[in-house]
Amino acid sequence: MAEMATRYAPADFEERLYRQWENSGKFTAKIDSAKKPYTIVIPPPNVTGVLHMGHGLNNTIQDMLIRYHRMRGANVLWLPGTDHAGIATQNVVEKKLAQEGKKRQEIGRERFIEEAWKWKEEHGSTIVKQLRKLGSACDWTRERFTMDEGLSRAVREVFVRLYKKDLVYRGEYIINWCPRCGTALADEEAEHREIPGTFTWIRYPFAESRAGDPDGIVVATTRPETMLGDTAVAVHPQDERYAQFVGRELTLPLCNRTIPILADTMVDREFGTGAVKITPAHDPNDFQTGMRHNLPRVNVMHEDGSMNANAPEKYRGMDRFACRKAVLADLEADGFFIKQEKIQHSVGHCYRCDTIVEPYLSRQWFVRMAPLAEPAIRAAENGDVRFYIERWKKVYLNWMYNIRDWCISRQLWWGHQIPAWYAVSETDGRITEDTPIFAAHSAEEAQAEAIARFGARVVLRQDPDVLDTWFSAWLWPFSTLGWPEETPDLAYFYPTTVLVTDMGIIFFWVARMIMAGYFCMGEAPFRHVYINSTVMDAKGRKMSKSLNNGIDPLDVIREYGADALRFTMLAITPPGQNTLLSMEKFQIGSRFANKIWNASRYILSNVAPETDGLPALPPPARRSFEDRWILSRLQIVVRGIHEEMAEYRLNDAANNLAHFFRDDFCDWYIEFTKQRLYGDDAEQQADARSVLLYVLEASLRLLHPAMPFITEEIYQRIHSDGRSIMDAAYPEFAPELADADAENRMRIVQEIVSGVRNVRAEMRIPPEKALLIQVATDNAEVRDLARAMEKNISAQAKLSELILLPAGSARPKYAASIVGESWEVWVPLEGLIDIDAERARLSKEKLRLEAEMARVQAKLANTGFTANAPEEVIALEREKLASWESRLVRLDAGLRQIKA
RNA sequence: GGGCGAUUAGCUCAGCUGGUUCAGAGCACCUGCCUUACAAGCAGGGGGUCACAGGUUCAAAUCCUGUAUCGCCCACCA
């Protein structure tokens, strides 16, 4: 057995072990119809991404699940990959070009896409390398990319299918437009934030003034520049302030356009002046209002946010914010400006570049979501897809019930170009509302369809836009397994088992994957959805680049090791709640890892060479009570872990493992074995060694899913034949080792030992002083136990003697006095004496409960009551009775245990 | 505006279906110890009306109602 370094130094072995695992093919899944598959697809990180703590947590959880189920005999596949991240990647490549003094528009689409691929080849694997540092047991042979050949084919296939079922359509609507990125955004991609703004009151004069008129109608807006696109003013139909003006016309200042006053219930009478300017081309509400009243739509902006030819000449070309100032100045000069107020209002920001988005009228592609949502709603309602924790189901359903159509076109170059071809007019090549469209897998296929329809070849032009990144991501669980091909992987590994992801993308991704799963595969893509905790900084703020409050997982790994990172994250992140993280927290994991290292070092330094290999336990008859105790504790922990893992309570599992290893195994059991190990009974020595090694080895296997590196490193030192802990079986509950008697005895011993230590500390008795210990008990068994444990009870004393006194001898709680050269210590053994009181308490409660039950039973037996009382009252009484029943069972169990 | 959470020790949080782990853990703090695995350690200790007010119950940190404060998500407040 190789010597273990005195210091826990994860850097010495983590990378080596990962290479060992990967090179020996342990991560590679092989189809085996005799075994049950267990599949997880990774939430594909952006190719542009670098590992952050969210990934750290998310992937640790997935890895723990994968390793756990692998050790339990499942045929696991953890399928990794990356997302092409349309806007993010395009931005990165544009930035790179800018450094070379080039612009995307100058080099053209084809060259730009080449550049993007080049960038992807050079830098796109950063995050994938970083995932390896975490220890992620991904099957890298199956790594996918959302724009690789197969996935692109899946994207086209779905688009065509949706199109043929009329579930995808093109239409002119108000969408969120990012003027900086020059593209449409989905509703979910526009992040609304409260920011301070200015609310401007503007007077619109009547087109023809009549006697008694006020000098116009005052409207209020936060975006004055959009008035240039106003086509009406609306008031509430029941607003008597304005009723007389409905149907009249106003002159739009600065534009000299005449616009009507109309009545519409969308207006909130309480807000602003109660009169609203209507700008159908620049506001979603106004767009709807405009549809209802058949108003023209005047789009006054270019795609970059500058004013276009529909604005009066002097504003053309101005940026929207510059124009806002100019408009205000002109309104003031012309006497239309009334006043301004500061207000807080919610404004959409581009989720990629944080630019304020412009509600913008444009022609885009949409997916009709309601029909797709139906089976996905049912899946959550009937439990085909289960959320952990269940609260997320509500969040999911709430969104699904109110689902809106999904804008899927993006005015970008990097992504899947929309597989739709327009039969353009041969003369000018323009695309209009009426241009025939062919959705197809290729230009040839589109042409073939066109020929079928028109009887001749036509000029086809592919839609220049690309699809939303999520349009490929929503297919991820099956496209990565080969769909639309009927591959063996797809047949075997689909549907996947669990999806582990963040709360932030339930709508973006999880919901859509479930919909796509039903649409394409006819079933849910996963059975469980585990939403991991959101990692915040120590002050509860989101970790972000701008705040610079992030903690880099790689820094943590460098300082403490991957196992410390993993264990810490597992232990401190509760499911369903945010986690406040700071660098100090990683001491939780690093101290624990250090503990494991040192305990192992101690045990292995005491194990004789011939016991190398699988530890065999001493025969049951020879096991001491502390042997039986630690083996029993081990079983209880094992049983608990399986329960917790089944419920995705990984934090509980991690904490219970640490508690067992540190408190039970190290602080009590290992300390106890020193007496035997350094004694002269050879058999005792051997027995202690085997139990030590047995429990250590089992603990390593228990811990491996959480801390793969350190457990493997030590495991390979226990087993010198080079076998890997990854191939070992996960410990299962062994009822024959559970031992209530040993646990009870140990409680007594712990009581005595703690009592002695307590006295020693409280009374400031120096460690070198011997103790004379008096234990009050009239229990013969306890007496024997105490005598047997004398050396341990002495708790670091050089010499000790036990005096057992009858229980109930009147003495203060703790007492000590010098008797000759030694100290005499009095330990009252409170816990033991309390057993009588406890028994009395439980018995009393039982009597009370039984009386209550008798009363209710009598009530229920009374026909007068059952005939007349309302149904629910009777049900309630029955319910009470049932809960008492179970309480009684527990009481009895408690009483029985006390007797034992 | 709608929805969902949270409020327990100085800090971060456990406490699942009311009653044996019922007032807990870790960190911080205080005391003692470099005890032949570990000072990245060990042993011991102090510290809480379980946000507030009502209610249900034989019994409430736990269930119900209301209040307050904080947080998150969704939504078209011009």
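Below, chains carry the letters A, B, ... as their sequence lines are ordered, and counting in each starts from 1. Every value quoted in this text rests on a predicted model; they were computed, and no experiment measured them.
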Using Watson-Crick or G-U wobble geometry with both distances below 3.5 Å, tell me the partner of A53(B), or none. U65(B)
Under the side-chain contact (heavy atoms from CB on, under 4.5 Å) test against Ile572(A), which residue among Leu57(A), Val535(A), Leu581(A), Asn651(A) passes? Leu581(A)
Of all the choices, A37(B), U12(B), A78(B), which nucleotide is nearest to the side chain of Lys585(A) once you look at every atom? U12(B)
Result of checking Tyr388(A), Phe387(A), Trp392(A) against Tyr648(A) for ring-ring contact (aromatic ring centres under 6.0 Å, His included): Tyr388(A)
Looking at every strand, decide which applies to Phe287(A) at a 4.0 Å heavy-atom threshold: base, sugar-phosphate, or nothing. nothing
Under 4.0 angstrom, heavy atoms only, what part of the nucleic acid is Val276(A) near: base, sugar-phosphate, or nothing? base
Value in whole Å for how far the P atom of C77(B) lies from CZ of Arg223(A): 11 Å
Please determine, for the side chain of Ile670(A), which listed nucleotide (A78(B), A37(B), C72(B)) has the closest atom? A37(B)
Regarding U12(B), purine or pyrimidine glycosidic angle vs 90° from 0 gives anti
Validate the cation-pi geometry between Lys595(A) and Phe665(A): distance from NZ or CZ to the six-membered ring centre under 6.0 Å, angle to the ring axis within 45°. no
Find the distance Asp537(A):CG to G71(B):C1' and express it as a whole number of Å. 14 Å
Of the listed A78(B), C73(B), C27(B), the closest approach to the Thr222(A) side chain comes from A78(B)
Donor-acceptor contact below 3.5 Å, side chain Asn598(A) vs main chain Asn594(A): yes
Taking G41(B), A75(B), C4(B) as options, the one with an atom nearest any side-chain atom of Arg404(A) is A75(B)
Exercise: do Asp405(A) and Tyr173(A) side chains pair donor with acceptor under 3.5 Å: no
Whole-Å gap separating C1' (U12(B)) and CE (Met536(A)): 14 Å
May I have the distance from Ile603(A) (atom CD1) to U36(B) (atom P), rounded to whole angstrom? 18 Å
In whole angstroms, the gap separating C1' of A78(B) from CG of Asn285(A) amounts to 7 Å
Whole angstroms only, please: what is the CZ-C1' distance between Arg662(A) and A43(B)? 15 Å
Give one of base, sugar-phosphate or nothing for Lys394(A), where a contact means two heavy atoms less than 4.0 Å apart. sugar-phosphate
Distance check: side-chain N/O of Tyr396(A) vs OP1/OP2 of C4(B), anything under 4.0 Å? no
